[in-house]
Protein chains: 2
Amino acid sequence: MKNNIKVQRAIHDMTQADLAEKIGVSRQTINAMEKNKYVPSTLLALKIAKLFKIPVEDIFILENSD
Amino acid sequence: MKNNIKVQRAIHDMTQADLAEKIGVSRQTINAMEKNKYVPSTLLALKIAKLFKIPVEDIFILENSD
DNA sequence: ATTAAAAGTAAAACAAGTTTTACATATAGA
DNA sequence: TCTATATGTAAAACTTGTTTTACTTTTAAT
């Protein structure tokens, strides 16, 4: 699974810290997600999608390996 | 956060075990999700949404308390 | 070149998701 | 009523997500 969080942040001109604060997680959580260190919870995915006003599927993309 | 998994299973005439097997988790994981015992990973959410051919947001719904 | 802000990284601790095994309860059909 | 299938539940073990603290590196602007 990959994700577009970095791009969406750029579009919305947000730092990792900004995004972290908006959705109520630590900055390291955002950083680790962007670096594909781990798969976030559905709660985080929904909050991020809501914030960026796009579907979860447009941010988090399933890959063949999943 | 709540979810419609039970309804979607009914629409697709699947048991908890069926769904579990299709997306590669244990039956207890499906049961626990339906009973709101915990929030699944985004990977699971995407797989379930793909299987039912509807958006993640139509299955997992944010609530005010989230 | 220096500085400030942003991003990357790492380890320990803690919280939460998932599996496994096992049993109890419910439901529908024979 | 008996039986098979589906669902609910629980505890232990394991895996993974998340936080906290703290430090390093990068980037962009001065």
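Numbered from 1 within each chain, the chains take letters A, B, ... in sequence-line order. Note that the structure is predicted; figures quoted are calculated from it, not measured.
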Phosphate oxygens OP1/OP2 of D:dT16: is one of them under 4.0 Å from a side-chain N or O of B:Ser41?
no
Length of the line joining A:Gln16:CD and D:dT18:P, which is rounded to integer Å:
15 Å
For B:Thr29, which contact category applies under a 4.0 Å heavy-atom criterion: base, sugar-phosphate, or nothing?
base
Indicate whether OP1 or OP2 belonging to C:dG8 is found under 4.0 Å from a side-chain N or O atom of A:Lys6.
yes
Listing, residues 58-66 of chain B side-chain donor-acceptor contacts under 3.5 Å, not counting sequence neighbours, or none:
{"unit_1": "B:Glu63", "atom_1": "OE1", "unit_2": "B:Met1", "atom_2": "N", "d": "3.0"}
{"unit_1": "B:Asp66", "atom_1": "OD1", "unit_2": "B:Met1", "atom_2": "N", "d": "2.9"}
{"unit_1": "B:Asp66", "atom_1": "OD2", "unit_2": "B:Met1", "atom_2": "N", "d": "2.8"}
{"unit_1": "B:Asp66", "atom_1": "OD2", "unit_2": "B:Glu63", "atom_2": "N", "d": "2.8"}

Five pairs at each end of the helix from C:dA1-D:dT30 to C:dA30-D:dT1: take the axis at both ends and give me the angle between them to 10°.
50°
Whole angstrom value for the distance that separates P of D:dG17 from CG of B:Leu44
11 Å
With the side chain defined as heavy atoms from C-beta on, A:Thr15 is closest, among C:dA7, C:dG8, D:dT7, to C:dA7
Check the distance between C:dT9's P and A:Glu34's CD and give it to me in whole angstrom.
12 Å
Is it the case that the side chain of A:Asn36 and the backbone of A:Lys2 share a donor-acceptor pair, with hydrogens and angles ignored and the cut-off at 3.5 Å?
no
Taking atom CG of B:Asp13 as the centre, does the number of heavy atoms from other residues, nucleotides or ligands within less than 6.0 Å exceed 12?
no
From the candidates C:dT20, C:dG8, D:dT7, the one with an atom nearest any side-chain atom of B:Ser26 is C:dT20
Against the side chain of A:Tyr38, the closest entry in D:dT7, C:dG17, D:dG17 is D:dG17
Whole Å only: how far is the CG atom of A:Asp13 from the C1' atom of D:dA28?
14 Å
Find the distance A:Asn31:CG to D:dT19:P and express it as a whole number of Å.
13 Å
Taking A:Thr42 for its side chain and B:Ser41 for its backbone only, find out whether a donor-acceptor pair lies under 3.5 Å.
yes
Between atom CD1 in B:Ile48 and atom P in C:dT18, what is the gap in whole Å?
9 Å
More 5' along DNA chain C: A:Gln28 or B:Pro40, using each one's nearest nucleotide?
A:Gln28
Could you state the atom-to-atom distance from CG of A:Leu19 to P of C:dA7 in whole Å?
10 Å
Using atom types as modelled and distance alone, determine if a side-chain donor or acceptor of A:Arg27 lies under 3.5 Å from a backbone N or O of A:Ala20.
no
Please evaluate residues A:Thr15 and A:Asp18 with respect to the criterion side chain to side chain contact (heavy atoms under 4.5 Å, CB included), reporting the C-alpha separation (whole Å), side-chain torsions for both, the decisive distance (0.1 Å), and the verdict.
CA-CA 5 Å; A:Thr15 68; A:Asp18 288 338; 3.2 Å; yes
Measure from CG on A:Leu43 to C1' on C:dA15 and round the result to the nearest Å.
14 Å
So, taking the atom named CD in B:Gln16 and the one named NZ in B:Lys6, what distance separates them when rounded to the nearest 0.5 Å?
7.5 Å
Heavy-atom donor-acceptor pair, A:Arg27 side-chain to C:dA6 base, under 3.5 Å
no
Is there a side-chain contact between B:Lys35 and the phosphate of D:dT9, meaning an N or O under 4.0 Å from OP1 or OP2?
yes
